[in-house]
Amino acid sequence: MQLDNLYQEVILDHYKNPQHKKLSPTYDAQVHHINPSCGDEITLNVTLSGDTVANVSWDGVGCSISQASVSILSDLVLGKTLAQAQEISDSFMALMQSKGTQTGDENLLEDAVALAGVSQYPARIKCALLGWMAFKDASVQALAKNQ
Amino acid sequence: MSFNAGAVIADFPILSRTVRDGKRLVYLDSGATSQKPTEVIDAESNFYRMHNAAVHRGAHQLAEEATDAYEGARSIVAQFLGASVNEIIFTKSATESLNLVAYAMGNAPAGNRFQLKSGDEIVITEMEHHANLIPWQQLAARTGATLKWFEVTPEGRLDLSNIDSIITSKTKVVALTHQSNVLGTINPLSEIVKRAHAAGGVVVLDACQSVPHMPINVKELEVDFLTFSGHKAVGPTGVGILWGREDLLSELPPFLTGGSMIENVTMTSATWAKAPKKFEAGVPNMAQAVGLGAALTYLNRIGMDQIFSHEKALTKYGMSALLEIPDLSIVGPTDLEMRGGTLSFTVGDIHPHDLGQYLDSQGVAVRTGHHCAWPLTRKLGVPATTRASFYLYNTNADIDALVDGIRNAQKYFG
Ligand SMILES: Cc1ncc(COP(=O)(O)O)c(C=O)c1O
């Protein structure tokens, strides 16, 4: 079934066992993002150590795609430099815009390649990007604060 | 004429197409927009093919024909609502109609009955669509008037227990929905109308979810303004109706100004044409108005009573079938009195977006989310719901497909 391209096992696993889904008591920046078309919401904390992502944590409500995506993102960017995180994020963005023509760079994106199927469902791309946009926003704020 | 769903389905060409690799289209999203019968599609395209010209302007035959068709549509709408022709204003949508009333009130000068100022009160309800919430919220912010609202009970009905403190002598306008687009609740109007009028206020009814589905007579409802969108009533997009009482329309200032809505113009001043023209600035959406005329003619031929009973039967069947599904809860009244054919629900931990996606893979089209009524879904403690909404072309087989789809989704995500 075509739907299986969307709901890969990895996604359902992350949805049922979300990673880093517990807001840290301290942070350099906290952001709250909303997807106004469906009501999904996320709060995300970022802590930096120099230009390295020392901690990412989040809480939120949303569909399996948005929840799995932010869970995967947290795993991916933790311990990376902001430059590496940016590279990952750019690559993920390109994958989401690919309308099903790309499978994604597994070395760079790891579990996030499981979200490739989302690019064939235009209405769901925003779900997958919710956490990524929140992270981008939070890391910019955290960097500004620490400077 | 007795109701024949099979014959009705044949009138709607889109219902014979397939979706998602050959699945029969099961369209349960008429609350968002309805499908269109052939005669509406033809009426709209024939206008362009044969009669297109700017209404009320040209000195030629086409302009005459276009004007006849456009004004003919106005008469059809008037008859459909039990109103007078001059009380029917064509807008582009219900959203525009509601903004028209709100902005026009905001334009009212001192001495005009619609003038709003600090100390005046605007009353809405917690179950409004954003289209009947934000215009009033913003009008209150612009004028200093106070926004008040009726709350919604856990069963999804309006809580009228504190009506005395909500509608007071300061009430200038009460704006509410006739039928909730989320809960299906049909709101009782008579008490609200009586109190609003006693206070000297007007009642604005959002009839987007009622006019397409039940017989409506504005005189019997005793409200002062009423609006609906053509596209939810088997008509085209781009056309909505605002009905208002003649005396009120003559006192209400215009909202949009420009061509066609004037009586006289100088470089520094202008006077207004009488309603409805006062509220129809610019070349209107003519083909769409004509299409709406064809739509209401079609609905009338089927019979609004017949449509209402058909949907009632579907709702009864759908409600009991849905309630048999483990973990499914209906958001909205579960008794069938004073409710229409809109069923919103949640299914265990399956997020509505995921459920909707699964149903789509089976050819079943539903809506998911907060349905443009965010304060309502927040109040009911659900971030989002899945909504199935019925219309004249739906059958029990569509509901069976929905129920099978939900059960299969439970296995898929379980
Ligand atoms: C109850 C209600 N009011 C207002 C609207 C707004 O209608 P439109 O978007 O056609 O202007 C809708 C449609 O979604 C509705 O369901």
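Naming: A, B, ... by sequence-line order, numbering from 1 per chain. From a predicted model like this one, the values you see are computed outputs, not experimental measurements.
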Keeping Asp354(B) on the side-chain end and Ser64(A) on the backbone end, is there a donor-acceptor pair under 3.5 Å?
yes
Spell out, as yes or no, whether a donor-acceptor pair under 3.5 Å connects the side chain of His353(B) to the backbone of Cys127(A).
no
Roughly how far, to the nearest 0.5 Å, is OH of Tyr358(B) from CG of Leu6(A)?
13.0 Å
Is the number of heavy atoms from other residues, nucleotides or ligands within 6.0 Å of [atom1] ([X]) greater than 12?
X: Lys22(A); atom1: NZ; value: no
X: Asp404(B); atom1: CG; value: yes
X: Glu106(A); atom1: CD; value: no
X: Lys21(A); atom1: NZ; value: yes

Asp360(B) vs Tyr121(A), test: side-chain hydrogen bond (donor to acceptor under 3.5 Å, both in side chains). Steps then yes/no.
CA-CA 11 Å; Asp360(B) 167 65; Tyr121(A) 293 88; 6.0 Å; no
Hey, which of His370(B), Gln357(B), Arg20(B) has the most heavy atom pairs under 4.5 Å with chain A?
Gln357(B)
Answer with side chain, backbone, both or neither: which region of [X] has an atom nearer than 4.5 Å to a non-hydrogen atom of chain B?
X: Tyr15(A); answer: side chain
X: Ser66(A); answer: neither
X: Gln67(A); answer: neither

Contact between His351(B) and Ile65(A) at the side-chain level, heavy atoms closer than 4.5 Å - yes or no?
no
What about Tyr7(A) and Phe413(B), are their ring centers closer than 6.0 Å?
yes
Identify the two heavy atoms, one from Ile34(A) and one from Trp374(B), that lie closest to each other, and give their separation to 0.1 Å.
CG2-CH2, 3.1 Å
To check you understand the geometry: which heavy-atom pair defines the closest contact between Lys16(A) and Gly414(B), and what is its length?
NZ-O, 3.5 Å
